[in-house]
Structures are given as C-alpha cells and as structure tokens.
J.: 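Sharing a structure below in structure tokens format, with a few things to ask.
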Amino acid sequence: MIACGGSSSDDEEIDITAPNILQVSPANETQDVESSSDIQVIFSEDMLATSFDDNIFTLQSAGKNAAFDMAFDELSRQATFTPLSALGPLRTYDISLSNTVTDLSGNPLASGTSWSFSTKEGEWQSPLLLSNPENAYISYHHQLAENPQGQKAAVWAIYAPATESIAQVRELHSSVYQKDTGWSDVVTLNNQTESVSDPQIVAINESEFLTVWEQEDNEQYKLYSSHFKADMGWSEPRLLAQFDVGNSYDPKLYINQDGLATVIWILDEGSHQPHHIYSTTYISENVSWSDPLVIEEHNDNISGLEFGQDQLGNILLAWYQIDDGSWKIYSKRHDVSSEMGWLDSQLIESASKPVLAMNKHGQAVIGWYDDFDQNSDHDVIRVRHYDLDNDTWGSSQLVSSENENTNASGSPYLAVSDNGTVVVAWSQKIDDAKRDIWSRTYKEGIWNTRQQIDNSGEGDVYLKSLVIDDLGHAMAAWGMPVDGGKTNVFSARLNSQGWQAPTALNDTTQQDDGAGQTYLYVTDFGRISAMWRDGGQTWFTEFK
C-alpha cells in the first residue's frame, strides 16, 4: 500500500502561550515615590504594539482618573505611561492594566493586573520669575487655572503710578504654560483703563481658558472677558453686559453643570441705592455672553459676594447687605438636584464680611469675625455648618480664643476637603505691634485645639491664602516682615503630622522691595501652585 499525503517537518509551531508581566515600576505598595515618576511595565515576550491603546490602562487616585501619555518600546518590551501632570504629594495611586494587550500571535495576557504605590510629601520648587515689567510699581490679584493635561494660565494686574513723562498704568497681564514650551511671554489683555481688579480664570477644555475681570471705563466699573485658544492666543476684551447706570464688581467665574462658563456678580446703583446679583453664561461658539439674569434684588447695599459649588453643579452664594441700617449676612442656593433653580435667600447672621467654602459633596462652612462681648478690642472668629439636604445653617460656633487679650484681625480663611475636614485660619492680634497666624481643624464632628502656625514675624502679619486638597492636606500663606527688613512671603503645610515649620517662598536676601499678595491654587490631585509679587515682579512656584 502506498501512503498518500502526510505532514511536513517544516510546519511552524503555533504560539498559544499567554504573555506575562515581568516587572512593574513603581512596584506594588512602593512608598515615597517621586512626583516626576513614570509608570513602566515590562513584558515576557514581544508584544503587538497596536494592541496598546488608551483603554488598556487606568491611573487613579481617590477615585479620580489622571491623564497620561503612553509609549511602547518593542525592543525592550516596555510600556511607559507618563502622567501629563506631576503626581500629587502624599497620595496613593491605583493602577490597572487590562488583559486586552496581546503578543505577536494575538495571545492576550492571562489576566488583567492591578497594583498601587504612594507618593512622598511635596516640597516647594525654585521660584520662577514670570514677569519683570519696566517701571511697574506693584503686581496684585494673582489668579491661576490648570487643566487635566497640565496646561496652566496665570493672570494678574499691575500698577505703575504716573510720572512726569509716563502716564499711570493699570493693566491685566497673562502668561500661559505649555508642557513642551514652558511659560509664554507676558501679554496685556485689557485696554487702557483707570482701574483693573478681581480677575478670575477657568479652564474650559483641553486647550482653552477664559478670564473675566473688572475695570473702570468713564467712571463706571464694568466686567470684561478674554478667551484663550492654543492656536490663536488671547482674544480681544469683550464686555459681559452693558448697564446704563451702576457698577459691576465681585465677579465669580465657574463652570456650570452643563459645562459652560458662567459669571455671577454684583451690580450697584450707588451707595444706599438698589443693588442686584446677576449671572450670565458664556456662549463659546459665538464668543458672546447671554442676557444677564437677575438672581437677587435688594434696595440697599450688597457686598462681599462669596461662592461655592459641588460636583453636581449646586451653587451656594453668601454676601452681606444693609437691612434697616445694619449689616446682615445672607445666603442663597441654586438647586440643580431637584431642578428648583434659585431658592429663596435666607438670613444667617447679623454680621459682615463672610467667607464661604464648599466641597464637592456640598458640605459647606461659612465664617466671619464678630465682636465677642460688645468690646471693639476683642473680635473673634465664628462659623456655621451648612446642611445641603435641608438648605439650612447650623448654630454659630466660636472658633478663635475667648481670651480678652487676643483679637482676631479681619475675616478668617476657610477650606473644606472632600473628606469633610474643615480648616479655619486667621490673623490674631497680640498687641499693638504684633500679629500671629492661628488655625483650627474640624474633623469627624470635632474641633481640635487651636494651633499657632507662625509667630516669628515682626509687626503686622496677615494671612493671604489657604487651600486644602481632597485628602485634607492644607497650605496657608502670608506676608511677614523679618529682622527689621522688607516683608517676605511664607507658607506652612498641614499634613497628618500637623502644621509644619513655615518656609519662605521668595528670596529673603533681596531687600529692595516688599513681597506680598500671595495666592495659592490646588489641583484635583493635591499639587499646589503659588504666585506672589516682589515689587513689580511676578513670581511662581509649585509644591510637588
């Protein structure tokens, strides 16, 4: 019998073996990871590069996704995931890699994998000079916004007094940071004006920013905006709304529940004349603003508008107004959860200059300074907690000292973390020539003891900024004269170990001009940026 057919010894063996992961970096449960770290994965065999896409990998912290770039090197069999922004300090990052990546034969990983690591505490980086304009006397009202891709936009005002040969200068300046090119040249956003103040700025998508500010035109204060696009730069100033009479001020710029930029502000018709609170929404496609909507009307003065917003888009406002000749604090809520819109305003306290803070869950606190016992030399800090479900405020709580020899100086600074931690900080007068910085923290329903953040300065020491991240880590900043010299800017960090020793942000060896106007900004992942002025110069640094 003659055999027909048969098999060839040249047949290739079919690969049915699933690839494995040989190594990940940072390794599982690694502590004190640097903020600049990439995430790397090395595979056991050659992998199909086209199977690596944006859906195979997630990088999260506290339930929030961090944006990243991905690259795969076929020679080393290594995938590298690079966060678009530096990792935040004192955070746990959770990583997952799906089993949809395959080897060259199409075999997927046997199973998906996950691991985690934790980052180290941050530190302030070397200060960066953003602006040093000729003849400028002072920069002020610094503001910053950052998008998830790590792009930043900063705005600030400058003032230079008139001289015999140069007219007074009041300008709004800006610089934009791109990861590949760094900070841009400084540009001027506004037209010539008698006054410019209160800039606000937000990121409106991956490559665009919007800023709004107040300026004086022909003895009337109006609000203007400018729109930044990566390929076009900043747009010409655009008037938000035209009123025949009255001054617009205290703008609050935010992204509403529909993803649209919105501004809320006060319009006054003169001292002890009708005051109103308005809102308008930016229509990006038309580069225009909607018709103003009246939120609140009052027949006397309104001032000190404060703003808070939760992750659902609920808005909480607070302000103080004159009722029957005395100042009263009010609040008003915009309810998107039940689609009821703006609810009735409600009286909170017979006081003035409230400060409001709100977290993403709608937990809010309002604070103010008050005369403790009808003694003008003994002002104290008080707060109330907000009940979102019932739109009500809790009872007044004394936060600062009852000691008659202490005197809280000005309104407190408040911050509410997403985990419910509340931090209150304030300047406290010790005698006619000395003020210190104090703080108190509320956690799990209990106020801790008052803590002194700093007492090393000379003379007036005023708190200027306070921020808190979603995990309850905070940063405070203030201006303080040292050794009889100029005022310098300092900060102190609050972490699980308590308040840390203050750190100078500026170069304290330079004694020509005073530093101040410190502004802090915190990202979703706890990185903190700081801006301040040193004379006419504008400076920037990051805590990471």
Side-chain angles (χ1 to χ4, degrees), residues 60 62-65 67 143-149 153 200-206 208-212 223 225 227 240-241 250-266 276-286 288-296 305-319 330-346 348 354-366 385-393 414-420 422 467-470 521-525:
Q60 290 188 332
K64 292 175 290 193
N65 289 317
Q143 292 285 304
L144 183 76
E146 180 174 340
N147 64 23
Q149 288 69 41
Q200 304 274 295
I201 187 167
V202 294
I204 56 177
N205 59 36
E206 291 185 359
E208 300 180 29
F209 295 90
L210 185 71
T211 184
V212 170
L223 299 183
S225 69
H227 184 172
L240 268 68
D250 270 356
K252 306 302 175 188
L253 175 63
Y254 65 100
I255 304 298
N256 69 16
Q257 72 274 14
D258 298 319
L260 303 176
T262 303
V263 180
I264 297 176
W265 77 96
I266 297 174
H276 315 286
I277 300 177
Y278 279 92
S279 74
T280 180
T281 298
Y282 185 64
I283 306 169
S284 181
E285 296 80 4
N286 302 329
S288 63
W289 292 90
S290 66
D291 292 336
L293 171 69
V294 178
I295 295 174
E296 182 77 8
L305 186 64
E306 290 284 304
F307 171 90
Q309 181 185 27
D310 68 17
Q311 63 183 350
L312 298 178
N314 294 303
I315 303 298
L316 191 62
L317 301 179
W319 66 88
Y330 280 80
S331 72
K332 191 180 187 76
R333 173 182 165 190
H334 184 262
D335 189 339
V336 300
S337 302
S338 63
E339 300 182 352
M340 294 179 64
W342 287 102
L343 307 181
D344 292 338
S345 57
Q346 55 179 301
I348 299 177
V355 179
L356 177 70
M358 190 176 195
N359 69 12
K360 72 176 186 179
H361 303 298
Q363 297 169 299
V365 177
I366 194 168
H385 291 262
Y386 179 68
D387 182 345
L388 178 68
D389 293 335
N390 299 306
D391 187 34
T392 57
W393 292 92
L414 297 178
V416 184
S417 172
D418 290 342
N419 68 5
V422 179
V467 294
I468 195 168
D469 69 17
D470 57 327
Y521 173 87
V522 62
T523 70
D524 287 343
F525 295 94

J.: Are there more than 12 heavy atoms of other residues, nucleotides or ligands under 6.0 Å from atom CD of E206?
T.: no
J.: To the nearest 0.5 Å, tell me how far R333 CZ sits from N314 CG.
T.: 5.0 Å
J.: Could you state the interatomic distance from CG (D391) to CG (D344), rounded to the nearest 0.5 Å?
T.: 9.0 Å
J.: Any non-hydrogen side-chain atom of E296 less than 4.5 Å from a side-chain atom of W342?
T.: no
J.: Working to the nearest 0.5 Å, report the span between OG1 of T523 and CG of N147.
T.: 11.5 Å
J.: Any idea how W319 and Y330 line up, ring-wise: parallel (<30°), tilted (30 to 60°), or perpendicular (>60°)?
T.: parallel
J.: Roughly how far apart are E146 CD and I201 CD1, rounded to 0.5 Å?
T.: 11.5 Å
J.: Let me confirm one number: the CZ-CG distance from F307 to L317, rounded to the nearest 0.5 Å.
T.: 7.0 Å
J.: Could you tell me if the side chain of V212 sits less than 4.5 Å from the side chain of W265, heavy atoms only?
T.: no
J.: Mind checking whether Y278 and I264 have side chains closer than 4.5 Å, heavy atoms only?
T.: no
J.: Taking C-beta and beyond as the side chain, do V522 and I468 meet within less than 4.5 Å on heavy atoms?
T.: no
J.: Got a second to check how far N359's CG is from Q309's CD, nearest 0.5 Å?
T.: 12.0 Å
J.: Would a 4.5 Å heavy-atom cut-off, applied to side chains only, mark Y282 and L253 as touching?
T.: no
J.: Given side chains that start at C-beta, do those of I366 and E306 come closer than 4.5 Å, heavy atoms only?
T.: no
J.: Between the main-chain N or O of M340 and the side-chain N or O of D335, is there a donor-acceptor pair closer than 3.5 Å?
T.: no
J.: Side chains of D310 and L388: does their closest heavy-atom pair fall under 4.5 Å?
T.: yes
J.: Report yes if the side chains of I295 and H334 come closer than 4.5 Å at any heavy-atom pair, otherwise no.
T.: no
